[in-house]
Structures are given as structure tokens and as C-alpha cells.
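One structure is given below, encoded as C-alpha cells.
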Protein chains: 2
Amino acid sequence: MKKTDIFKKLRSSGLRPTKQRVEIAKFLFDREKTFHFTVESLNKLLEKKTTSKFALATIYNTVHSFKNAGHLSEVEVKGNKTYFDTNVSNHHHFYDSETSQLIDIDAKEVVIQKIPKAPNGKKIKNVEVFINLKN
Amino acid sequence: MKKTDIFKKLRSSGLRPTKQRVEIAKFLFDREKTFHFTVESLNKLLEKKTTSKFALATIYNTVHSFKNAGHLSEVEVKGNKTYFDTNVSNHHHFYDSETSQLIDIDAKEVVIQKIPKAPNGKKIKNVEVFINLKN
DNA sequence: TTTCACTTTAGAATCATTATAAACTATTAC
DNA sequence: GTAATAGTTTATAATGATTCTAAAGTGAAA
């Protein structure tokens, strides 16, 4: 991903391309596979892989901005940490609780034949399938 | 649920039937429908519905004991609070993020036709379907 | 009924996350 | 370019959920 693309991505979401955002965006989005992380793990990786220094609050701010802009999605995982995913398309997950590892499952890999209808005045927003793994 | 049944339930899981555990167990398990809660909400309800007084730590201890004994399950919900469920059978959930409300879906209400196989040396422990609702 | 391991308790400690307010910086208008 | 300003970053404090600690309490076995 070119630097200008990152600028565009940020600008088009109303986010000023600051040094920090550009660097975090490059780290998050400039990769082949989707990437799952917590703020804590992202912080550690940024410390290791970049020369810049980021306040923890900035990482929280940035991740939330990216999430609100639709560039990141949040994954529901048991436990108290928030997991994020660079894959924002509709998809599913394997979860290995032994290693706390998430693996994406493409939407077309799961076919649901029957599903109950939404209660009372509600509608279905989306369906997420979570496959828990064991050894 | 009779008091002796609660005693049995606790004893058979190696849990001493203390005053607190019995009262919390009665509150949680003596109902028709399944019940979803966080420690915070349970604490408030216990304050309202019982005359006993429980230390918050006791509620945490008790809920964890019950969970480890298999009498409660944990539900994966986005956000930072831990949700518990008195339904420990294999089942699924509707989730209304507007009201933070969970609704159980019986396992037989969902039929999955196709699912990917587990990666490398792993096996599938279980599959959980999460249906997010909107208005 | 005594003893002892298991529990409960209040409060301190910890961990993740959010709020605050001052310093900084990208953008806009000139 | 330069100045003004609105949006950002930062360090730190504050908050909220959860866990830890160590002392006091209590079931259960002998």
C-alpha cells in the first residue's frame, strides 16, 4: 500500500493523516493476510517494529477512529480484552482458547440452512459464527 | 427447585453448600427461562431480591465456581464486561446491542450446512452462532 | 465439640480503558 | 509563506471490572 493510498484512506474517512495515524495505518493495513490484535499486543508490536514512540492513549484513540471509520472490526471473544480485526468484510472466526488465537473464516466457507427469525420488532443485522477449537 | 436439590447440585460439584452459595444458586437456577447476567447486574438483583448481604468478591468467587463446575456458561459479547448464562447446553444467541440484551436460541433452531474443517492439528470443540439485531 | 480446611469478607491491588487538559500540528484563510 | 484554529497527541489521572490478600468466619469430619 502506497503512502498516498493511506493518506486517501484516512482523508476519505475524515481523519487527518497525522504522523501517528499514518504509521499505525501502514502497520495495520499494509499486509496480505488479515491481522487480529488487542491494543496491548499492537502497542508491543509497534514498539518493536517502528522507531516512533506512541502514547498508549494515542493507540486507543487511533484504533477507535479506525473502527468508527469502518477500517477495523471488533471481534467478540470471551474474556475482558477487546480484539480487533483488519478484515471488515462479513466473515467468521475460529478461536483457539489455548493460544488466544483467532483465524478468519471466509463468509462463503459457512453455509447456514436454517435460522430463527428475529424477535418482535427487531431485524437481523448480521450473523457471526464462532468455531471454538481444541487440541 | 428444592433446597435439597441445590445442596446436591453443589455437593456433587465439590462445592460446600454455604449460605451464600445456596442463596445465589437458588436465585440463579430456580427459574423457568434461562438467565443472562453480568456480575454487576447479579449483584444489584441480589441486593434487591434477597435480604442477605454479599461481598462483591463472594459473587465473583461464586460465579466462577459455578462456571468451573459447569453450572454456568460464559457468553462472548463485544465490550469489556463478562456475561454469564444459566443455559449450559449447546445453544446460540441473539444479541441486541442497543439494549445489551441476550436471547437464547435453541440449538435445533439453527442448522449449518457447511463448515470449514479445523486447521492443522486442531479439532472443533463447538460452534456458536451469534445473531446481532437492529431495529 | 473440637479442629481444620474451605469460604467469606473488606479493602487493596491490578488491568484495561477512558477522561483531562496542556502542548503540538495539520489545514485553512489570508 | 504565516497566522489562526480546529483537530491531535501526550502524560497522567480517573474509572470500572476483576482479582488478590490476609484476617475472620463457618461447614464438616473425627
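Each chain gets a letter, A, B and so on, in the order the sequences are listed, and its residues count up from 1.
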Worksheet item: Roughly how many Å is it from CG in B:N43 to C1' in D:dG16, rounded to a whole number?
Response: 14 Å
Worksheet item: Nucleotide range of DNA chain C contacted by chain A, 5' to 3', under 4.0 Å to a heavy atom?
Response: C:dA16 to C:dT27
Practice prompt. Specify the separation, in whole Å, of atom CZ of B:R21 and atom P of D:dG25.
Written response: 19 Å
Fill in: Residue pair A:E128, B:K78: steps toward the salt bridge (Lys or Arg N to Asp or Glu O under 4.0 Å) verdict
CA-CA 12 Å; A:E128 296 185 60; B:K78 278 167 186 150; 3.2 Å; yes
Practice prompt. With heavy atoms under 4.0 Å as the rule, sort A:T38 into base, sugar-phosphate or nothing.
Written response: nothing
Worksheet item: Between B:L15 and B:L56, which is nearer to the 5' end of DNA chain C once each is assigned its nearest nucleotide?
Response: B:L15
Item to complete: Applying side chain to side chain contact (heavy atoms under 4.5 Å, CB included) between A:F37 and each of A:V63, A:L45, A:V75, report the one that passes.
Response: A:V63
Practice prompt. Evaluate the criterion side-chain hydrogen bond (donor to acceptor under 3.5 Å, both in side chains) for residue pair A:H92 and A:D106; output intermediate values, then yes/no.
Written response: CA-CA 6 Å; A:H92 309 288; A:D106 200 277; over 6 Å; no
Worksheet item: Are A:F35 and A:F29 an aromatic pair by the rule of ring centers under 6.0 Å?
Response: no
Response to the item:
Here the distance between atom C1' of D:dG16 and atom NZ of B:K81, to the nearest Å, is 9 Å
Discussion item. Test side chain to side chain contact (heavy atoms under 4.5 Å, CB included) on B:D85 and B:D104; report intermediate values, then the result.
Written reply: CA-CA 9 Å; B:D85 190 343; B:D104 273 9; 3.2 Å; yes
Item to complete: Figure out the CD/P separation between B:Q20 and D:dT26, and round it to whole Å.
Response: 9 Å
Item to complete: Select base, sugar-phosphate, or nothing to describe what B:T18 touches, counting heavy atoms under 4.0 Å on all strands.
Response: sugar-phosphate
Worksheet entry | Spacing between A:L10 atom CG and D:dT8 atom C1', to the nearest angstrom | 13 Å
Item to complete: To the nearest 0.5 Å, tell me how far B:H64 NE2 sits from B:E74 CD.
Response: 7.0 Å
Item to complete: Would you indicate which nucleotide in D:dG27, D:dT9, D:dA11 comes nearest to any side-chain atom of A:A55?
Response: D:dA11
Response to the item:
Quick note, B:Y60 side chain, CB onward, closest among D:dT10, D:dA17, D:dA6 is D:dA17
Worksheet entry | Atom-to-atom span, CZ of A:F54 to C1' of D:dT9 - whole angstrom | 11 Å
Worksheet item: Mapping B:K19 and B:N80 onto DNA chain D by nearest heavy atom, which one lands closer to the 5' end?
Response: B:N80
Practice prompt. Calculate the interatomic distance between A:K78 atom NZ and D:dA17 atom C1'; express it in whole Å.
Written response: 19 Å
Item to complete: Might you confirm whether atom NZ of A:K114 has over 12 heavy atoms from other residues, nucleotides or ligands at distances under 6.0 Å?
Response: yes
